[in-house]
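Written out below as structure tokens is the structure these notes cover.
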Number of protein chains: 4
Amino acid sequence: MRGMPRNADANAALREKTRERVLQAAVRLFSRHGFDGTSVRALAQEADIAVGLLYSHFDSKEAVLSALMRSSMLDVARTLEAADREPTARGFVTVLLTSAVEMLDAHRDLWRLSQGLRHQPEVLARLKLPLEQFLGATHQRLTQALAERGVPDADIEARVLFATVEGVSQQYVQHEGDYPAAAVIQAVARRWPGVTRKRKADTR
Amino acid sequence: MRGMPRNADANAALREKTRERVLQAAVRLFSRHGFDGTSVRALAQEADIAVGLLYSHFDSKEAVLSALMRSSMLDVARTLEAADREPTARGFVTVLLTSAVEMLDAHRDLWRLSQGLRHQPEVLARLKLPLEQFLGATHQRLTQALAERGVPDADIEARVLFATVEGVSQQYVQHEGDYPAAAVIQAVARRWPGVTRKRKADTR
Amino acid sequence: MRGMPRNADANAALREKTRERVLQAAVRLFSRHGFDGTSVRALAQEADIAVGLLYSHFDSKEAVLSALMRSSMLDVARTLEAADREPTARGFVTVLLTSAVEMLDAHRDLWRLSQGLRHQPEVLARLKLPLEQFLGATHQRLTQALAERGVPDADIEARVLFATVEGVSQQYVQHEGDYPAAAVIQAVARRWPGVTRKRKADTR
Amino acid sequence: MRGMPRNADANAALREKTRERVLQAAVRLFSRHGFDGTSVRALAQEADIAVGLLYSHFDSKEAVLSALMRSSMLDVARTLEAADREPTARGFVTVLLTSAVEMLDAHRDLWRLSQGLRHQPEVLARLKLPLEQFLGATHQRLTQALAERGVPDADIEARVLFATVEGVSQQYVQHEGDYPAAAVIQAVARRWPGVTRKRKADTR
DNA sequence: GATGAATGAGACTTCATTCAT
DNA sequence: GATGAATGAAGTCTCATTCAT
């Protein structure tokens, strides 16, 4: 076992700080110029570190992207959790959209980045991200949430809801600030039942 | 004077055919490997022409992308036109989504490609695409279409509709074939008025 | 099938010339500074071409080395052939050494280079050179040559001979010109039988 | 004044042990992957010390190589000494080869490494190794040894002997264990006089 | 028009070395 | 003494674009 001067804790903290700086710089640059449009040199400069140091934290430029994408998937998952406490479908939809919008405010760049990659199968494959599986699981959760709140035909309705959330998110991000989010959310919510009916049968 | 050879028309047709082959090759490759992931050499190879010839048809690799994006915007515009003949909001929405899905079937790759670039402002700027303006115009047209069909609060409702169309398109493309498009479209349409009420005031 | 302007033959000749220039530059530089000590930029400069062009002729810097090594193995094989016409062991040895020395005069750098790599198993493995096999075959040929010329115990004697040729080559190259090659060759040859005795048994 | 701590001797011994570990790690790695193919980090890891510590023992990576090469030259010199006690040329040759082979068994990797560098003049120059001079001295010693044992034309014969030793060493190392060293040595020795004749004149 | 050899800037990544702790 | 985070120069290779034929 080898020694460890300079205090191991301080060292770990130092590393964590640097890593975080790289990730934040990466969100900014990747989302603006694209992954390929961002050079490692630019990335290091934005993070205010030497190029070499970047590689002591990540195996490759791609690994930085991969870390970001994982974090983005967590964002989405968290959005869902917030809505789960609402008893009615309308409440569920409202909170879902509201917290999605809040998440976008906080992580707009990250979300833009992840959207940009959604449709590039080759790239996703290289990153080894379980996107397919993640989308499937999300659909499942939405279906169950609606079913529990008495929405019939929950499977199809979940698809409608999923599409709506994605569409609204897209529009919201695209408009960079002047989007009537509250009004749109309300208009969407009005289309979902405000009370929970007795369910006669199970979802499946 | 030389030049102006045997048959000017045949020559022009030939050029057009080559140009078309390049564009088709570009959709395939760009949508799979991304713009940066596709080399001009690969592009020329896929189009079965020499690299040099490609440059006699397009100023640059970027110009090829630009041409594709313009064509994609036309796709979307055409989708709208198809729906315009429907008298009720529900009919409008139904046809809008249906023809969107049809368009996706025909131009899935192109649409994927354009989606991938939607969120990269710097790239879009370089391509000098009037995306902002195009989205604004589309929103206008939707708003007017809904207003004309007696939908109150047409501005907000148009945003809901736009978001829905985008969301459904996204999901549809993502699922590569096993998406219950018809059922989803029906479920969406049910949320829109099937009859046109008298309008009391204009939209604007 | 695509066309081929600028005359296909001229094109091929052009390519061959360039390729040859690269190989010659590579011998010079690799043998002086080592493979790792030679940058691709330096290589291209010495060959008086652009870096990129080098890569249209060879897959990698390593591929250049590989091509050289193959050519070096041919050199050695040719040396053997020259000696095969001698009827006595002494004549065989004399010609073998003489033509080895001649070969070294012509391809000193290449031989130095290949010697430098002989003992780096990892590198050789990467180059996928059949060195092991080549050395085995050479030993076989020497054994048979000696046996045919009536040398008893030809297997061991072939090893002595092989070692001598290698050792003399090494010394010759190391001395850069002031090596009494003729005298050494004569002294070596004196140790081998000048007449061919009747063989009583086969070699093996 | 601080420093000069508890036990200066123990400290020095510790340093020496570390230095030795580095050198051993270096032989292993350099001989397998080459000098350039071995990173300082890998070297430190193999020696189980921190990178920084390595630099407190050696000025540079090159200095490590230099130390190894010097040690390799000592190996060769020692080989010669062992043979010096033999009265006849044949005995001298036999012991020379035998102890060369023994040395190779003990320091195969080191010898391989040094052989790999023999033909790279630029590299040798950087290491400031007196190779030229060392080879000259070795030749001198061989010449004298043969002359003293009554071999005429000792200068040329010494070259033959030197070449033989090098050639056999090369073959021996290349064959990684299945080389009939004893038989080859015997076959070589048979070519040298087993008795010492009166010398009529001096060598030079 | 059509070709592909040629160019050279710039991308990602590695690595010897330094130095604050 | 001992550590390993940090540096940035330099390496290999790719690629959009040009142009002689």
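Chain naming here is simple, since letters A, B, ... match the order of the sequence lines and numbering starts at 1 in each.
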E/dT7: pairing nucleotide in any strand, Watson-Crick or G-U under 3.5 angstrom: F/dA16
Nearest whole angstrom, please: distance from the P of F/dC15 to the NE2 of B/His33. 12 Å
In whole angstroms, how far is the C1' atom of F/dA2 from the CZ atom of D/Arg21? 13 Å
Closest heavy-atom pair, C/Leu43 versus C/Ala25, reported as atoms and distance to 0.1 Å, is CD1-C, 3.8 Å
If I take atom CG in residue D/Leu53 and atom P in nucleotide F/dA5, what distance separates them, rounded to the nearest angstrom? 16 Å
D/Leu29 CG to E/dC15 C1', straight-line distance once rounded to whole Å: 15 Å
Using atom OH of D/Tyr55 as one end and atom C1' of E/dA16 as the other, report the distance to the nearest whole Å. 4 Å
Whole angstrom value for the distance that separates P of E/dA11 from CZ of A/Phe35: 13 Å
Would you mind reporting whether B/Ser114 and B/Met73 have side-chain heavy atoms less than 4.5 Å apart? no
Taking the nucleotide of DNA chain F with the closest heavy atom to each, which residue, D/Gly52 or A/Asp48, is nearer the 5' end? D/Gly52
Listed by chain and number, what are the side chain to side chain contact (heavy atoms under 4.5 Å, CB included) partners of D/Val27, not counting sequence neighbours? D/Leu68, D/Asp109, D/Leu110
Sugar-phosphate only, base, or nothing, as touched by D/Val40 at under 4.0 Å among non-hydrogen atoms: base
Describe the nucleic acid contact of B/Thr18 in one word from base, sugar-phosphate, nothing, applying a heavy-atom distance below 4.0 Å. nothing
Separation of atom CZ in A/Arg15 from atom P in F/dA6, rounded to whole Å: 7 Å
With nearest nucleotides of DNA chain E determined for A/Arg41 and D/Asp59 from heavy-atom distances, which residue corresponds to the more 5′ nucleotide? A/Arg41
Among the nucleotides E/dT7, F/dC13, E/dA11, which one has an atom lying closest to any side-chain atom of C/Lys61? F/dC13
What contact category does A/Ser56 fall into here, base, sugar-phosphate, or nothing, at under 4.0 angstrom with non-hydrogen atoms? nothing
A/Arg118 and A/Leu124: which non-hydrogen atoms are nearest, and at how many Å? O-CD1, 3.5 Å
Out of E/dT3, E/dA5, F/dT7, minimum distance to the side chain of B/Ile49 belongs to E/dT3
Between E/dT14 atom C1' and C/Asp36 atom CG, what is the distance in whole Å? 13 Å
Reckon C/His57 touches a base, only the sugar-phosphate, or nothing at all at heavy-atom distances under 4.0 Å? sugar-phosphate
Under a 3.5 Å cut-off for both distances, is F/dA2 Watson-Crick or wobble paired, and to whom? E/dT21
Flag yes if more than 12 heavy atoms outside B/Glu62 fall under 6.0 Å of its CD atom; otherwise flag no. yes
